[in-house]
Undergrad: 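I have a structure I would like to understand better, so I am pasting it below and will then ask my questions one at a time.
Note on naming: letters A, B, ... go to the chains in the order of the sequence lines (proteins, then strands), and numbering restarts at 1 for each one.
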Amino acid sequence: MKETLRQLVLNASIAAFENKEFISADIPAFTIEEPKADAHGDLSTNFALVSAKALKMPPRKIAETLLRHIGGSHPLIEKTEIAGPGFINFFIRPSAWYPVLTEIHAKDMDYGRATTGNGQKVQVEFVSANPTGPLHVGHGRGAIVGDSTAAMLNACGYEVHREYYINDAGRQIQTLGLSVLLRCRELAGQKIEFPEECYQGDYIKDIAEELRREKGDWIFTLPEPEAVAFCSRFAADRMIIEIRNVLNSLGIIFDNWYSEQAMVDAGKVESAIEKFKNQKVIYEKDGALWFNTSAFGDEKDRVVVRNNGQATYFASDIAYHQDKLDRGFDRIIDVWGADHHGYIPRIRAAIEASGKDKSQFTVILTQLVNLLRQGVPVSMGKRSGQFITLKEVIDEVGRDAVRFIFLTRNYDSPLDFDLEIAKQKTNDNPVYYVQYVHARISSILKKAKEENALTIPGIDDPDLGKAMEMIREPEEIRIVKHLARYPETIRQAAELMEPHRVAFFLMELAGDFHAYYNKHRVLTEDPALTAGRLYLIFAVQKVIRNGLTLLGVSAPDSM
RNA sequence: GCGCCUGUAGCUCAGCUGGAUAGAGCAACGGACUUCUAAUCCGUAGGUCGCACGUUCGAGUCGUGCCAGGCGCGCCA
């Protein structure tokens, strides 16, 4: 619809130019958009305002000229007007919206899908929490934002690859192993000193118990370094399984779990360092190796290999991102917690140093989550071991509500997650509001089926046209207009990587539907009217279902 | 001190990359179930868009400077 109008406006401006009424055919970018107020029509353009300078004419004069060339008898347009400083408002004929419904029914699950991605390969890496402890709600936010962003990119024709990077090399894994080993000794009755830098949580004890069940005292026969190494591997494997289960319970499935250790073992860190040494972006100073990140906009250069010969975390990340590029992804998206933002410039430097365009690399920073219970902050201290895990939150609140809550905020804003509010089945928790639409419509369709005289017209049904003509209540037109915006919403959400736009779209659509439902009956005495309304609400149900699916939220038939 | 993010109704948040009279939900108040699910709807009330300049036909949106809060600024991960 928008595109049709855009063409109409452009053609009219060209006609005016050829008629020497406009002095230029070079028109600045103008918009076609839905005005906020219904009184301003269905669609509106600022053409006359933005082109006033180029045409050296007052906006209202431009608008008049343009409208004269558009003429008064377009099949889509009921009427036009010039308003305010020079907006042109278009009022669309109700019948012009009907094809949207037919399109929804024809495309069904594919309604809203686009091909703008052109099959480009995109990798979305998210969560990637260290396997040294359970996931918390902050990880949950990244998980859900990452997963839904991936889903939206996929819906727009990108070939999406979801990946989890496992930090299973390095010191924190050693610490994990040591923590477990000490707990094993404790279980065996030995007196131990449990260091403060070890992981304090009870899950360490659980893993230690499991290890003892499987291996008994065997672990104590190993020399300490080997025992720690074994415990590290054992514990990390257990943690990964646990993490995977929790993410699965949110409906999140990764295409790949990428092991840092495996990458190191394959020599990829060394070869990446070698490569950048040859390019002279890695150099030696004070016995350490440095990456020349400041040449790419970072505050200062960063150490890659310490003077004791140990590679830093950054070295692994250089190699990892190099490997992503080598795997042929056109775009790389990393979802990180906001506390890692200082890390972006150096990773970006590593990407640019390998000759890639920085636009191919995007970081989504999800802001902090404050976990509350009835407005009171819940302690999140990892050190104390006293924290509420993501699993506990999901168990208490439910998958759909957790996902929706994280998706009704821009990831840029810090988020208060109140467990008590999340549990309530009210409008503080709008997931139910949206799902209720789906359930209500299912209920109507079921009833229509039971009264089997009432059926939804098929696309080839000769009576379809007549049925659609019955859709003319303002509340109905409002819904159809809303449905028409769905594909654009998905495109924007994907392009901007802002899945919350879809959640808000659904809430607004739900609002329109509930208002309609309370005012009008779908199942009536008039077969044509009923058919038209069934056609409408079935389309609503499909869009709600499609949108919820992208958000990873279920669309129940009854509630 | 420097960098990133945030600041919109009492609370939680939107605001479609600059449009017209700034919107929802919750909370408050008043109404609507013998009808397809009341997890719903209708109405009332609620605002100096942190503050100040600037950019232009037009600013919650862009720029600069302040103020407030959060998070970062290791040869840690």
Undergrad: Indicate every side-chain donor-acceptor pair of residues 52-65 of chain A with a distance under 3.5 Å to a residue at least two apart or in another chain.
TA:
unit_1: A:R60; atom_1: NH1; unit_2: A:G84; atom_2: O; d: 2.6
unit_1: A:T65; atom_1: OG1; unit_2: A:K61; atom_2: O; d: 2.8

Undergrad: Go through the N and O atoms of the side chain of A:N89 and the base of B:A20, and report whether any donor-acceptor pair is under 3.5 Å.
TA: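 Such a pair exists between side chain and base.
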Undergrad: When the P atoms of B:G15 and B:G50 are compared, how many Å lie between them, rounded to an integer?
TA: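 After rounding to an integer number of Å, I get 15 Å for this pair.
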Undergrad: I'd like to know if A:D42 and A:K481 make a salt bridge, using a cut-off of under 4.0 Å between side-chain N and carboxylate O.
TA: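 Yes.
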Undergrad: Would you say A:R306 places a side-chain N or O within less than 4.0 Å of OP1 or OP2 belonging to B:A77?
TA: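 Looking at the OP1 and OP2 atoms of B:A77, one of them is under 4.0 Å from a side-chain N or O of A:R306.
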Undergrad: Roughly how many Å is it from OH in A:Y411 to P in B:C13, rounded to a whole number?
TA: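 From A:Y411 OH to B:C13 P: 17 Å.
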Undergrad: Rounded to whole angstrom, note down the C1' distance from B:C49 over to B:C4.
TA: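 Here B:C49 and B:C4 have their C1' atoms 23 Å from each other.
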Undergrad: Can you list the stems that RNA chain B is part of, where a stem is at least 3 pairs in a row, each Watson-Crick or G-U, with both distances below 3.5 Å?
TA: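 Stem list for RNA chain B: B:1-7 with B:67-73, B:10-13 with B:23-26, B:28-32 with B:40-44, B:50-54 with B:62-66.
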Undergrad: According to the 5.5 Å centroid and 30° plane-angle thresholds, does A:H340 stack upon the nucleobase of B:G72?
TA: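 No, the aromatic ring of A:H340 does not stack with the base.
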Undergrad: With a non-hydrogen cut-off below 4.0 angstrom, is A:A37 in contact with a base, only sugar-phosphate, or nothing?
TA: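 No contact.
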Undergrad: Which value, in whole Å, describes the distance between the C1' atoms of nucleotides B:U12 and B:U17?
TA: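 It works out to 25 Å between them.
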Undergrad: Could you tell me whether A:E33 and A:K2 have a side-chain N and a carboxylate O separated by less than 4.0 Å?
TA: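 No, this pair does not count.
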Undergrad: I want to verify a distance call: between B:A20, B:U12, B:A77, whose nearest atom is closest to the A:F87 side chain?
TA: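 When the side chain of A:F87 is considered, B:A20 is the closest of B:A20, B:U12, B:A77.
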Undergrad: Give a yes-or-no answer on whether the side chains of A:S316 and A:E260 include a donor-acceptor pair shorter than 3.5 Å.
TA: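 A donor-acceptor contact under 3.5 Å links the two side chains.
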Undergrad: Determine whether A:L66 and A:S13 make a side-chain contact, defined as any pair of heavy atoms from C-beta on separated by less than 4.5 Å.
TA: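 They are in side-chain contact.
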Undergrad: List for me each residue that meets ring-ring contact (aromatic ring centres under 6.0 Å, His included) alongside A:F404, sequence neighbours excluded, and say none if there are none.
TA: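 Partners of A:F404 under the ring-ring contact (aromatic ring centres under 6.0 Å, His included) test: none.
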Undergrad: Both A:A169 and A:A439 contact RNA chain B. Which one's nearest nucleotide lies toward the 5' end?
TA: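 First, find each residue's nearest nucleotide; the 5'-ward one identifies A:A439.
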Undergrad: Below 3.5 Å is the cut-off: list the nitrogen or oxygen pairs between protein and nucleotides 56-58 of chain B, distance only.
TA:
none

Undergrad: List the residues meeting ring-ring contact (aromatic ring centres under 6.0 Å, His included) with A:F417, not counting sequence neighbours, and say none if there are none.
TA: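 For A:F417, the residues satisfying ring-ring contact (aromatic ring centres under 6.0 Å, His included) (neighbours in sequence not counted) are A:F406.
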Undergrad: Nearest to the side chain of A:H500 - B:A14, B:C41, B:A20?
TA: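 Per side-chain heavy atoms of A:H500, the pick is B:A14.
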Undergrad: Where the side chain of A:K300 is concerned, which of B:A39, B:C13, B:G74 is the nearest nucleotide?
TA: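 Nearest nucleotide to the side chain: B:G74.
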Undergrad: A:F47: which residues meet the ring-ring contact (aromatic ring centres under 6.0 Å, His included) condition with it, sequence neighbours left out?
TA: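 Only A:F30 meet the ring-ring contact (aromatic ring centres under 6.0 Å, His included) criterion with A:F47.
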Undergrad: Which residues satisfy the salt bridge (Lys or Arg N to Asp or Glu O under 4.0 Å) test with A:K423, sequence neighbours excluded?
TA: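 For A:K423 the salt bridge (Lys or Arg N to Asp or Glu O under 4.0 Å) partners, ignoring immediate neighbours, are A:E396, A:E420.
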Undergrad: Please list, chain by chain and in numerical order, all residues satisfying ring-ring contact (aromatic ring centres under 6.0 Å, His included) with A:H482, sequence neighbours excluded.
TA: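 Expected list: A:F505.
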Undergrad: So which protein N/O to nucleotides 42-47 of chain B N/O distances come out below 3.5 Å?
TA:
none

Undergrad: Could I get a table of every N or O pair under 3.5 Å where one atom is in the protein and the other is in nucleotides 16-18 of chain B?
TA:
unit_1: B:C16; atom_1: O2'; unit_2: A:Q492; atom_2: OE1; d: 2.9
unit_1: B:C16; atom_1: O2'; unit_2: A:Q492; atom_2: NE2; d: 2.6

Undergrad: Where along nucleotides 6-11 of chain B does protein come under 4.0 Å, by heavy atom, of base (B) or sugar-phosphate alone (S), with - for untouched nucleotides?
TA: S-----
Undergrad: For B:C41, does OP1 or OP2 lie under 4.0 Å from any side-chain N or O of A:Y433?
TA: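 Yes.
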Undergrad: Got a sec, which pairs hit salt bridge (Lys or Arg N to Asp or Glu O under 4.0 Å) with one end in residues 510-520 of chain A, sequence neighbours left out?
TA: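 Passing the test, one end in residues 510-520 of chain A: A:E475-A:K519, A:R478-A:D512.
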